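Read the structure below first, then the notes.
We count ligands from 1, going down the list as the structure has it; atoms in each ligand are counted the same way. Just so it is clear, the structure is predicted and the values come from calculations on it, not from any experiment.
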Amino acid sequence: MCGIVGYIGSKEAYPILIKGLKRLEYRGYDSAGVAILNDSLNVYKKKGKVNDLIKSIGESNTQGKTGIGHTRWATHGIPDDNNAHPHMSGSERLVIIHNGIIENYSTIKIWLESQGHTFKSETDTEVLIHLIEEIQEEGGLLIEEAVRLALTKVVGAYAIAVIDRLDPNKIVAARKSSPLVVGIGEGEFFIASDATPIVEYTNQVVYLDDNEIAVVSIEEGLKVMNIKKEIQIPLIHEIDLKIEAIEKEGYDYFMHKEIYEQPTTIADCMRGRLNVQEGWVRLGGLSQYKNRISKANRIIIVACGTSWHSGLIAEYLIEDLARIPVEVEYASEFRYRNPIISENDVVIAISQSGETADTLAALELAKRMGALTFGICNVVGSSIARVTDAGSYIHAGPEIGVASTKAFTGQVTLLSLLALSLANEKGTISRSQYQEYITELGQIPAKVKAALSCNERVKEISTKIQNTTNALYLGRGYNFPVALEGALKLKEISYIHAEGYPAAEMKHGPIALIDENMPVFVIATNVSAHEKIVSNIQEVKARKGVVIAVVNEGDKILEKIADYIIEIPSTLEPFTPLLSVIPMQLLSYHIAVMRGCNVDQPRNLAKSVTVE
Ligand code: M6R
């Protein structure tokens, strides 16, 4: 939540900051701002999107070779010009941008007020920059030392960048529980929440660790120390991120592009891990711990949102194929409910961003309690990827649309590989079943491509239901989590109330909602539950509900009873979610476009939820 970017070097900072903010806008988009240093410190900020900021800056002076920028997802204080970042210190000597929450800000604020400080915004961030200034002036300190001392007094999460007008050749940055990357170019440095604003200038980056403070200056280069003032040796990583991966490439929305990328991203996720000819599955990240995981008492999966839905599918996959008990927990509940975790448990965290605050905290709790931790992330070098004992990336490439699509199918692909690998290790499936699953998995990218050809049909159905105010999604077995995912997709980008339910549970309550105005999406591709699903659909039809069924190609039975059908290729039951989710994604996309919603930046949301 919130994107931060900084530049110091020989180029004009403003265009780099604006481009960077546009790349980071998916992290928050209720206001934006920049601070540019030349002879003076010029701060421009505006409620709304980065384009609103650009308009409001107009022809004002943006010259300067050092600057910082911010795109906000509001926590403390409503989204308006005043609460937008950057924030200045009382004397206007210092300026800060911040991603995170300073939890003890009100205590610090009361103390600062008693020292004569007055504040212009309602933010926790403004309190922090006043604290830094107070400490700096009190001790006559360099800005990096004042930042360090101030951070020892702060409780909470932060990624910050600070400029001191009177010490103009440096930017000071620091992180705790919010991501921060330093890019190292030729005579220039970049600071950003992730690598996307940096990638077109350099592929050399340093990921700051928690409690680290970086000072970048043209004269002295990059210096890193920790909060105890111990010098750290920065580890330089080479990133492999192509610029096309973060561009829309002709699509109107990133979400649309990301839906269509799935045949490729699923294949990328399997590359080098699945060999159909030789008949094996191998997960490099698992090798060292395969024995321990296959002998685990149980696997606990922690995740949020769409990643939690992938976790539910993993419960079916791992229990079904590898016969290891699995529990799936909302990370936000798990971390606060005093869970029982033992050294024989394995805790798997699933997270696209690898930065979700609750998932990270749940993982840290599990680690403290002795469990083996395994991360399934998309963003390379993210906090969860670095904190876990082992893990595997899904290799889906940057996912920028707030609604998760290709990360979901990447996670489910990876979890399918994991389940198969564990099943083979444990001998819970026969050699021929193993081979059959491997062969089918190898077909999935082509089948996803074929499933995408339902687009026109989905669009046609979307026109008929775009004005609904409610929708119900039903599925059984492997398709129950897909029902939840379909409902979440519709809610978050179309603002239509939707609920996902196990189809058989419907008669324990939600059936009361059904009338001729209620569209009911039924995901009916799992063959083993077909007859039962047919009965559930009959129950809906008997109450005049409008049934839209996702079916396997050639399903003559459902063709007769459903109002609309969407056909997709069939597959083995454990892999059905990889195909049945495709029409769900397209449906929410088309309905959102038809309703005039901003698909990539839905209201109130942010891509990466780095606060509790
Ligand atoms: O980055 P993560 O996978 O940890 O994010 C978890 C959720 O915030 C995320 O899946 C969210 O629910 C998406 N907007 C769903 O489309």
Side-chain angles (χ1 to χ4, degrees), residues 1-3 26-29 73 177-179 193-194 196 253-256 258-259 262 301-314 328-335 347-364 375-388 391-394 396-412 414-415 473 481-482 484-496 498 500 581 584-589 592 597-612:
M1 322 207 104
C2 302
Y26 73 92
R27 301 180 65 90
Y29 32 81
W73 186 88
S177 305
S178 291
S193 300
D194 66 37
T196 54
Y253 289 100
F254 279 109
M255 182 189 181
H256 203 203
E258 286 156 8
I259 290 173
Q262 289 175 107
I301 295 178
V302 290
C304 304
T306 286
S307 298
W308 184 77
H309 297 155
S310 301
L312 289 181
I313 294 169
V328 188
E329 303 258 6
Y330 283 118
S332 54
E333 289 299 315
F334 178 81
R335 60 183 287 204
V347 174
I348 299 181
I350 308 177
S351 173
Q352 187 286 128
S353 61
E355 302 293 348
T356 300
D358 284 320
T359 310
L360 188 55
L363 202 57
E364 280 164 349
I376 296 178
C377 299
N378 189 31
V379 177
V380 175
S382 55
S383 300
I384 291 175
R386 286 186 296 139
V387 107
T388 37
S392 298
Y393 288 115
I394 61 170
E399 189 182 68
I400 294 170
V402 164
S404 188
T405 53
K406 64 175 180 173
F408 175 79
T409 48
Q411 291 163 348
V412 176
L414 199 287
L415 290 160
Y473 285 71
V482 179
L484 296 178
E485 176 61 6
L488 175 62
K489 288 288 90 91
L490 191 72
K491 276 185 271 211
E492 69 179 328
I493 60 169
S494 301
Y495 319 137
I496 295 172
V581 77
M584 301 293 101
Q585 297 170 342
L586 287 169
L587 200 104
S588 60
Y589 171 75
C597 301
N598 185 337
V599 172
D600 285 337
Q601 296 176 347
R603 69 185 181 204
N604 305 339
L605 284 170
K607 181 73 182 160
S608 180
V609 184
T610 53
V611 295
E612 285 190 48

Checklist entry - Under 3.5 Å, is there a donor-acceptor pair linking the side chains of K491 and S588? => result no
Item to check | For atom 3 (O) of ligand 1, the option (of G401, A357, S307, S310) bearing the nearest heavy atom | outcome: S307
Checklist entry - So do the side chains of D600 and Y26 get within less than 4.5 Å of each other, counting heavy atoms only? => result no
Checklist outcome for this item: If we number the atoms of ligand 1 from 1 as shown, the ones under 4.0 Å from a heavy atom of A403 are 16 (O)
Item to check | Heavy atom of K489, distance to ligand 1 below 4.0 Å | outcome: yes
Next on the checklist: Do T356 and D358 pair up side chain to side chain, a donor and an acceptor below 3.5 Å, judged on atom types alone?
Outcome noted: no
Checklist entry - Between Y589 and Y253, how do the two ring planes meet: parallel, tilted or perpendicular, split at 30° and 60°? => result perpendicular
Checklist entry - In the protein, what heavy atom is nearest to atom 10 (O) of ligand 1, and what distance, to one decimal place, separates them? => result T306 N, 3.0 Å
Checklist outcome for this item: protein heavy-atom neighbour closest to atom 1 (O) of ligand 1 works out as S353 OG, 2.7 Å
Checklist entry - Among the heavy atoms of C304, does any lie under 4.0 Å from an atom of ligand 1? => result yes
Checklist entry - Under 3.5 Å, is there a donor-acceptor pair linking the side chains of S307 and Q411? => result yes
Next on the checklist: side chain to side chain donor-acceptor pair (under 3.5 Å) for Q262 and T405? Distances and angles first, verdict last.
Outcome noted: CA-CA 8 Å; Q262 289 175 107; T405 53; 5.1 Å; no
Next on the checklist: Determine whether the aromatic ring centres of residues W308 and Y330 are separated by less than 6.0 angstrom.
Outcome noted: yes
Next on the checklist: Starting from atom 5 (O) of ligand 1, what is the nearest protein heavy atom, named by residue and atom, and what distance separates them?
Outcome noted: T356 OG1, 3.5 Å
Checklist entry - Heavy atom under 4.0 Å from ligand 1: found in E492's side chain, backbone, both, or neither? => result side chain
Next on the checklist: I'd like to know if V402 contacts ligand 1, where contact means a heavy-atom distance under 4.0 Å to any ligand atom.
Outcome noted: yes
Next on the checklist: Starting from atom 8 (O) of ligand 1, what is the nearest protein heavy atom, named by residue and atom, and what distance separates them?
Outcome noted: V609 CG2, 4.0 Å
